[in-house]
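The structure under discussion appears below in the form of structure tokens.
Letters go in sequence order (proteins before strands), and every chain restarts at 1.
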2 protein chains.
Amino acid sequence: MEHDEEIGSGPAVSLLTGLDMSHIRLCPAIGFNRIVGGRYKLHILCVLHRGPLRFGEIGRSLVKGGLGNPVTPRILSRELKDMTRLGLLSRKEYPVVPKKVEYTLTPRGEALLPILSEIIRWGATGAHEDILATTNASAE
Amino acid sequence: MEHDEEIGSGPAVSLLTGLDMSHIRLCPAIGFNRIVGGRYKLHILCVLHRGPLRFGEIGRSLVKGGLGNPVTPRILSRELKDMTRLGLLSRKEYPVVPKKVEYTLTPRGEALLPILSEIIRWGATGAHEDILATTNASAE
DNA sequence: CTGCATCCTTTGGGATACTG
DNA sequence: CAGTATCCCAAAGGATGCAG
């Protein structure tokens with residue numbers, strides 16, 4: 001390969017989109033991983049896409065979404081806190097007796113939804129289940 | 001919330017795409033994470049999208065893509081091996097003196113490219129850099 | 001109900017050195 | 001060049017129990 005100026009830190013245009021990336025320093029794929037790289041973050045965005053959910057409801061959604069074992073509150077709490085801190089979610093606490101907290105996507109979080117759409121479109125063909133059925137990969 | 005049959009394991013249609021997901025058991029977002037959840041896997045798909053690359057070249061691409069520190073061969077080897085085992089990549093070894101191995105996207109790997117496109121489209125706005133600039137998050 | 005505190009296990013990632 | 005072998009460390013994830 002002679003020139004690969006579009007691969008790395010100072011790509012010009014190209015890649016898959018034809019967009020100008022000259023002002024971007026960090027590869028979006030790496031950034032994406034850092035931001036939603038947690039085990040549940042992507043799925044949290046997924047279940048939150050059509051409205052606010054409560055702490056416990058998010059947890060139960062994860063179980064139903066394919067995890068066998070329930071998410072422990074500590075983990076869920078941390079994921080939610082991370083995402084809130086990064087501005088992906090907003091947290092609203094209602095001052096009622098059985099405590100009630102709702103999490104909602106912020107515009108920053110909603111900006112990720114097109115990616116989610118594409119993931120679901122990909123998954124609708126069964127691609128992920130096919131891949132994970134390859135030999136094992138189902139471990140854990 | 002009264003009924004949330006579209007969230008979890010047996011979603012009917014909806015979500016973001018309007019596609020029928022009734023036959024899908026595992027949430028695509030979770031599957032996606034399991035498949036390309038490694039730190040470099042997504043980026044590897046990214047740099048491979050327009051043609052085969054050699055082992056060392058992939059490593060260097062990762063550095064240029066935003067990682068500060070080079071990827072150690074052990075990690076890169078494992079990532080590549082994982083992805084090859086899952087059928088995302090194919091590995092071609094040339095019987096020449098300075099050993100030469102090329103990795104190429106398979107159709108299974110290419111099926112992920114629309115997702116990559118969407119990630120790059122998202123990143124082209126600087127979204128990931130904005131988010132990661134929030135307070136810290138740049139740790140490591 | 002929504003978390004936090006503590007402790008522990010597993011995994012992922014990294015450094016270094018070495019081989020075909 | 002393309003890995004493998006060892007050893008190690010940090011982080012992610014989990015179990016349990018408790019508190020506002």
Side-chain angles (χ1 to χ4, degrees), chain A residues 1 30 33-44 48 52-63 65-86 89-104 136-140, chain B residues 1 30 33-44 48 52-63 65-86 89-104 136-140:
Chain A
M1 173 181 303
I30 296 177
N33 245 329
R34 286 196 188 156
I35 292 167
V36 293
R39 181 124 102 222
Y40 306 116
K41 293 197 177 70
L42 214 50
H43 191 81
I44 290 173
L48 245 39
L53 279 183
R54 303 177 57 172
F55 185 87
E57 302 221 296
I58 295 174
R60 283 187 291 278
S61 295
L62 292 173
V63 179
L67 283 316
N69 35 350
V71 197
T72 65
R74 192 183 77 90
I75 304 301
L76 182 57
S77 175
R78 197 180 38 133
E79 299 281 77
L80 255 15
K81 200 177 296 179
D82 285 348
M83 296 172 75
T84 302
R85 180 178 51 86
L86 293 179
L89 304 182
S90 72
R91 195 191 102 113
K92 177 161 189 186
E93 187 172 346
Y94 296 85
V96 293
V97 270
K99 200 172 180 178
K100 174 178 174 180
V101 179
E102 272 187 351
Y103 291 89
T104 319
N136 62 334
S138 57
E140 185 203 15
Chain B
M1 172 183 305
I30 296 177
N33 244 326
R34 288 197 187 157
I35 292 168
V36 293
R39 198 185 227 130
Y40 306 115
K41 293 196 177 70
L42 215 49
H43 191 81
I44 290 173
L48 246 40
L53 279 184
R54 304 177 57 169
F55 185 88
E57 301 221 296
I58 296 174
R60 282 187 290 278
S61 295
L62 292 173
V63 178
L67 284 318
N69 36 350
V71 197
T72 65
R74 191 182 78 90
I75 304 300
L76 182 57
S77 175
R78 200 187 30 158
E79 298 281 78
L80 254 17
K81 200 176 296 180
D82 285 350
M83 295 171 77
T84 303
R85 179 177 52 84
L86 292 179
L89 305 182
S90 72
R91 194 191 103 113
K92 177 161 189 186
E93 187 170 347
Y94 296 85
V96 293
V97 270
K99 199 172 182 179
K100 175 178 175 180
V101 179
E102 273 187 351
Y103 291 89
T104 318
N136 62 336
S138 58
E140 184 201 16

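- Per the geometry, OH belonging to A:Tyr103 stands 15 Å off P belonging to C:dC1, to the nearest Å.
- Whole-Å rounding puts the B:Leu53 CG to D:dC1 P distance at 15 Å.
- Counting any heavy atom pair closer than 4.0 Å across all strands shown, B:Tyr94 reaches no nucleic acid atom.
- Contact annotation: B:Arg60 does not reach the phosphate of D:dA2 (side-chain N/O to OP1 or OP2, under 4.0 Å).
- Here the P atom of nucleotide D:dG13 and the CD1 atom of A:Ile44 are 11 Å apart, to the nearest Å.
- A heavy-atom distance below 4.5 Å is found between the side chains of A:Glu93 and A:Lys99.
- Rounded to a whole Å, the CD1 atom of A:Ile75 is 17 Å from the P atom of C:dT2.
- The minimum heavy-atom distance between A:Tyr103 and A:Leu89, with the atom names listed, is CD2-CD1, 4.4 Å.
- The closest side-chain heavy-atom distance from A:Ile44 to A:Leu76 is below 4.5 Å.
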Could you write out each protein N or O paired with an N or O of nucleotides 15-20 of chain D at a distance under 3.5 Å?
unit_1: D:dA15; atom_1: N6; unit_2: A:Arg74; atom_2: NE; d: 3.4

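- Within a heavy-atom distance below 4.0 Å of DNA chain C, the residues of residues 76-84 of chain B found are B:Arg78.
- The distance between atom CD of B:Glu93 and atom C1' of D:dC1, rounded to the nearest whole Å, is 11 Å.
- Listed here is the closest heavy atom pair of B:Val63 and B:Pro70: CG2-CA, 3.5 Å.
- Across the protein-nucleic acid pair, B:Arg91 atom CZ and D:dC1 atom C1' stand 12 Å apart, rounded to whole Å.
- Listed here is the closest heavy atom pair of A:Leu62 and A:His43: CD2-CD2, 2.7 Å.
- Inter-residue side-chain proximity for A:Phe55 and A:Leu80 is flagged as met; some heavy-atom pair is nearer than 4.5 Å.
- Looking at every heavy atom in both residues, A:Lys41 comes nearest to A:Ile35 through CD-O, 3.3 Å.
- Among residues two or more places apart in sequence or in another chain, the side chain to side chain contact (heavy atoms under 4.5 Å, CB included) test is passed with B:Asn33 by A:Leu42.
- For B:Arg54, the side chain to side chain contact (heavy atoms under 4.5 Å, CB included) criterion is met by B:Glu57, B:Lys100, B:Glu102, not counting sequence neighbours.
- In the helix from C:dC1-D:dG20 to C:dG20-D:dC1, the end axes, each obtained as the rotation axis mapping the C1' atoms of four pairs onto the next four within a five-pair block, lie 50° apart to the nearest 10 degrees.
- Distance, A:Lys100 NZ to C:dG3 P: 13 Å, rounded to whole Å.
- Taking the side chain to side chain contact (heavy atoms under 4.5 Å, CB included) definition, one finds that A:Arg74 meets it with A:Thr72, sequence neighbours left out.
- If you measure from atom OH of B:Tyr40 to atom C1' of C:dG12, you get 10 Å, rounded to the nearest angstrom.
- Scanning all heavy atoms of the two residues, the minimum distance from A:Thr104 to A:Pro52 falls at OG1-CB, 3.7 Å.
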